[in-house]
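Accompanying notes for the structure given below.
For the numbers below, each heavy atom of this structure counts, side chains included, while hydrogens, waters and symmetry mates do not.
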Amino acid sequence: MVAWNEYKETARGRGALALELYVVESTPSGAPEAVKETLPDHLGYQRDLEERGILVLAGPLSDPTGEDMVGAGLIIYRAKSMDEARSLAENDPMHSVGARSFTLRKWLVNEGSLSINVGLSTGRAILS
């Protein structure tokens, strides 16, 4: 097994982006009603993190077939440490009231592409 920071430096050395982010997989752990009741507070929390530049991406996950919603979600944070990311996840209303539980991992983004089309007169942005 390779140490995380050692691998991160190796990735940077070969020219990879080596952007360290934090990934939360959130899964239902309480009654379905608790998730529904907590959703407005959860979305407000997510919006606040987005406005502060902390939330990278977030949204629901399907079941393995891609056909059904299972109540799970994926959240990606910008944070300075695992402790900071853990605190962000713990303070999410879904987790703090026990409607969902979560796992947290670091994610080293090395490859890929992202396209953003911004309409200058409309202010509309399309992410693809």
Distance col, row Arg47:CZ vs Glu51:CD, nearest 0.5 angstrom, shows 6.5 Å
Any donor and acceptor pair, going by atom type alone, linking the side chain of Asp63 with main-chain N or O of Val70 inside 3.5 Å? no
Treat each ILVMFWY residue as a node, draw an edge where side-chain heavy atoms are under 4.5 Å apart, and state whether Leu74 and Leu57 are in one component. yes
For Arg100 and Ser29, the nearest pair of non-hydrogen atoms, with its separation, is C-OG, 3.2 Å
Trp4 with Val2, same ILVMFWY side-chain cluster at under 4.5 Å: yes
Original post:
Stepwise, does the side chain to side chain contact (heavy atoms under 4.5 Å, CB included) test hold for Tyr22 with Arg86?
Top reply: CA-CA 9 Å; Tyr22 296 84; Arg86 184 172 291 104; over 6 Å; no
Margin query: Around atom NZ of Lys106, are there more than 12 heavy atoms from other residues, nucleotides or ligands closer than 6.0 Å?
Written below: yes
Linked, directly or transitively: Val24 and Met94 (ILVMFWY side chains, under 4.5 Å): no
- prompt: Does atom CZ of Arg14 have more than 12 heavy-atom neighbours, drawn from other residues, nucleotides or ligands, at distances under 6.0 Å?
  reply: yes
Taken to the nearest 0.5 Å, the spacing of Lys8 NZ from Leu19 CG works out to 9.5 Å
Does a side-chain heavy-atom distance below 4.5 Å link Met69 with Pro60? yes
Q. Can you list the steps and then say if Leu49 with Leu88 is a side chain to side chain contact (heavy atoms under 4.5 Å, CB included)?
A. CA-CA 9 Å; Leu49 295 180; Leu88 291 165; 3.9 Å; yes
Which of Val109, Leu21, Val23 passes side-chain contact (heavy atoms from CB on, under 4.5 Å) with Val56? Answer is Leu21
Looking only at the side chains, is there a donor atom on one of Ser26 and His95 sitting less than 3.5 Å from an acceptor on the other?
yes
Looking at side-chain heavy atoms only, is the closest gap between Glu37 and Val97 below 4.5 Å?
-> no
Please report the C-alpha distance between Met82 and Leu104 in whole Å, then the side-chain angles of each, then the deciding distance to 0.1 Å, and finally whether the side chain to side chain contact (heavy atoms under 4.5 Å, CB included) criterion is met.
-> CA-CA 8 Å; Met82 282 291 279; Leu104 173 66; 4.0 Å; yes
dist Leu55:CG -> Asp48:CG (nearest 0.5 Å) comes out at 10.0 Å
message: If hydrophobic clusters are built from ILVMFWY residues whose side chains come within less than 4.5 Å, do Ile76 and Leu61 share one?
response: yes
- Message: Main chain of Gly53, side chain of Arg78: is a donor-acceptor contact present, judged purely on distance under 3.5 Å?
- Response: yes
When every non-hydrogen atom of Ala11 is compared with those of Leu108, the smallest separation belongs to CB-CD2, 4.3 Å
* Salt bridge between Glu9 and Arg12, side-chain N to carboxylate O under 4.0 Å? -> yes
Query raised in the report: Does Val35 share a hydrophobic cluster with Ile75, counting links as ILVMFWY side-chain heavy atoms below 4.5 Å and allowing steps through other members?
Result: no
### Task
Would you check if the side chain of Asn91 reaches a backbone N or O of Ser87 as a donor-acceptor pair within less than 3.5 Å?
yes
- Looking just at side-chain N and O atoms, do Asp92 and Ser96 make a donor-acceptor pair shorter than 3.5 Å? no
Checklist entry - Under the 3.5 angstrom rule, does the side chain of Thr10 hit a backbone N or O of Glu6 as a donor-acceptor pair? => result yes
